[in-house]
Amino acid sequence: MKNNPPLSALHLETRLVRAAAEIGHKSAPLVPPIYQTATFEASDIEQQRIASKSDRFYTRYGNPTHTAAAKLLADLEGAESALLFSSGMAAITTAILTVVKKGDHIVCQRDIFGGTMKFLTEWLPKFGVETTFVETTHFEEYEKAIRPHTRLLYLESPTNPTLKIVDLERMVDVAKRHKVLTFIDSTLATPINLCPLEWGIDLVLHSATKYLSGHSDLMCGAAVGGQKLIEGIYKMQNELGGIMDPHAVWQLMRGVKTLALRVRQQNENALQIAQYLAQHPKVKQVYYPFLPQYPQYALAKKQMKGGGGLLSFELNTKGDDTKKVVEALRLFSIAPSLGGVESMVTIPTFTTHAMLSEEQRRAMGITEQLVRLAIGIEHISDLIADLEQAFEK
Ligand SMILES: *Cc1c(COP(=O)(O)O)cnc(C)c1O
C-alpha cells in the first residue's frame, strides 16, 4: 500500500485534486462514490442508535458523500469544519438564524447580496431581530452602529456588482473588542483569492453555485468555520432541512478540483478586460479592485491574491443604449449568475437587483447604465473582440 504524504504538507493546487481521493481506502474507487440514498440500513437497533450520530443514518443528518465534500471545503478555507447546503441562501439564512434570538441586533454593510438584504429587512424583524445598515466602505460607521445587543457583524467582500472591498483586519478588530461574531459572504473572492479565516473572521459563507462548483450546473451553499459554530449550524440545518442532494454534492467535488486553474484564469481575463474597458471612450467608469486606479486598490492588494472574475462598468450612454450593447454581445450569455466557466452579462437593475427598491439601488450605486460581467475561462482575445463589436453597434 502506498504511503501518502499528509495533506497539510501539500500545496493548495495539490490538495484540491488529492483531498477527495484521500478519504477513501486503497483498492477503493479513486473518485469517492455517490451515496445516492435517503437512508441507511442498520444491522440491529443498537447499531442504528450509534449510526444516528454519524453520516450513515438518514441523509438530512449526513451522508458520506457530503462528509467528503465538506472536508474538502474546510481544508480549502483552512477551517476546522464545514457544512453544505442546498443553496447559498440556505447557508446564509440557516447560519444567521443559528446565532440570533429575539431582541438581538445585527450590523451589516449596505452593499449586500439582494436575497440577504431581503432576509435581514423583511423576515428577521418578524422574529424581533433588527439590522442596522452602514455605508460599506465607511469603516468607522460599523463600530458606531454596535449596540449592547449586537450579536453579529455581517459582511460581504468584494460586493456585487460594484466590487467594494471590506477591510477585514479592521472589522475583526471592532468585532473582537465588542465580542460580536463576524460572518462573511466570500462567494466572489473564492478561497483562491481570499482566506477570511486567516484574518480572524468567524464564519465564511459561500454560494457554491458560483465559483466552487464552477460549471453553472448545480445549486449549493457552504458554511465554513470553527467546529463549535458549525455544530450549532448543523443542528439548525437539521430542522430547517436545506441539505444538498448527494448527486449534486458529487458534482461539486468534481468542480472544486479545477478551482485554482479556473479562478486564476478568471482573475487574469477579468483584469485584462477591466484594463481594456478603462481606456475605452464609450466607458464612463470601471469597477474592478485590481485596477491600479480603483479607489480601494491598495486594500484589495493587501487582502486578496487576485481581483476575481466579476467586474462592472458604466457606459457613457442614456436610455436604452446600455440594453442594446448588452444584447449585441455574442459570447457573453445574458444570465444572472457568475462563477461559471462561461462568460455572462447582466444589467443588475433589471435582474439581480430588481428586487430592491429604487432607493436601495441608488445607495449601492446601481444605475440603469451599470453592466455586470462575470468573466469565464474563454480566450481573452475572443472576449475583447466581442465587447468591441458590441460597442461599435
Ligand atoms: C448567488 C449569491 C448568493 C446566493 O446563492 P444561491 O446559491 O443563489 O442561493 C449569495 N451571495 C452572493 C454573493 C451570491 O453571488
Side-chain angles (χ1 to χ4, degrees), residues 83 85-157 159-162 164 166 171 174-175 177-187 201-207 209 219 221-223 225 229-230 232-243 336 348-349 351-366:
L83 201 54
F85 293 83
S86 50
S87 70
M89 280 315 300
I92 292 165
T93 53
T94 307
I96 294 175
L97 283 171
T98 304
V99 300
V100 293
K101 62 178 188 311
K102 190 177 164 191
D104 279 348
H105 175 247
I106 297 171
V107 175
C108 182
Q109 63 196 63
R110 205 179 301 284
D111 297 78
I112 201 85
F113 182 71
T116 311
M117 167 74 87
K118 280 199 89 161
F119 181 65
L120 295 173
T121 54
E122 290 181 22
W123 296 97
L124 276 188
K126 292 188 182 189
F127 306 105
V129 178
E130 217 186 304
T131 301
T132 301
F133 292 92
V134 297
E135 206 50 62
T136 306
T137 56
H138 294 184
F139 300 124
E140 71 289 348
E141 282 189 20
Y142 291 75
E143 183 159 23
K144 287 185 198 146
I146 290 178
R147 302 178 190 166
H149 291 285
T150 303
R151 176 81 181 121
L152 175 66
L153 191 53
Y154 187 92
L155 309 169
E156 186 175 316
S157 183
T159 63
N160 168 17
T162 51
K164 290 178 185 158
V166 177
M171 292 301 103
V174 167
R177 278 190 284 108
H178 292 271
K179 299 194 166 45
V180 170
L181 282 169
T182 43
F183 287 8
I184 190 167
D185 181 336
S186 194
T187 300
I201 295 284
D202 294 307
L203 188 78
V204 179
L205 295 157
H206 283 287
S207 167
T209 311
M219 300 294 300
L229 187 53
I230 295 292
I233 300 170
Y234 168 79
K235 283 183 194 151
M236 188 63 155
Q237 181 191 41
N238 216 283
E239 260 70 72
L240 292 181
I243 62 128
T349 299
T351 55
T352 51
H353 292 69
M355 58 166 77
L356 302 181
S357 69
E358 174 115 35
E359 196 190 342
Q360 283 170 324
R361 279 199 297 268
R362 210 176 316 115
M364 292 166 75
I366 300 169

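The salt bridge (Lys or Arg N to Asp or Glu O under 4.0 Å) search around D185 returns none, not counting sequence neighbours. With sequence neighbours excluded, the residues forming a salt bridge (Lys or Arg N to Asp or Glu O under 4.0 Å) with D104 are K101, listed by chain and number. Among residues two or more places apart in sequence or in another chain, the salt bridge (Lys or Arg N to Asp or Glu O under 4.0 Å) test is passed with R110 by E135.
Using a 4.5 Å heavy-atom threshold, the side chains of L97 and L124 count as touching. The side-chain heavy atoms of T131 and T121, taken from C-beta on, include no pair separated by under 4.5 Å. A heavy-atom distance below 4.5 Å is not found between the side chains of V107 and V180. Residues F85 and L240 have side chains not in contact (no heavy-atom distance under 4.5 Å, counting atoms from C-beta outward). A 4.5 Å side-chain heavy-atom check between T162 and M364 finds every atom pair outside the cut-off. Between F127 and V100, every side-chain heavy-atom pair lies at or beyond the 4.5 Å cut-off.
Between the side chain of T187 and the main chain of S207, a donor-acceptor pair closer than 3.5 Å is present. At distances below 3.5 Å, not a single donor-acceptor pair connects side-chain atoms of Y234 with backbone N or O atoms of L229.
Among all heavy-atom pairs drawn from V134 and A145, the shortest one is CG1-CB, 3.8 Å. Here the closest heavy-atom approach between residue V166 and residue E156 is recorded as CG2-O, 3.4 Å. For the residue pair R147 and T132, the shortest heavy atom distance occurs at NH2-OG1, 3.4 Å. Heavy atoms only, all atoms of each residue included: A95 and L203 are closest at CB-CD2, 3.7 Å. Of all heavy-atom pairs between P125 and E122, the closest is CD-C, 3.9 Å. Closest non-hydrogen pair, T182 versus A175, comes out as CG2-CB, 3.4 Å.
Here the CG-CD1 distance, from N238 to I233, works out to 13.5 Å after rounding to the nearest 0.5 Å. For the atom pair T116 OG1 and Q109 CD, the distance stands at 10.0 Å (nearest 0.5 Å).
Neither side chain, D111 nor T159, offers a donor N or O lying under 3.5 Å from an acceptor on the other.
For the pairing with I106, the side-chain contact (heavy atoms from CB on, under 4.5 Å) check across Y154, F183, F133 returns one residue only, Y154.
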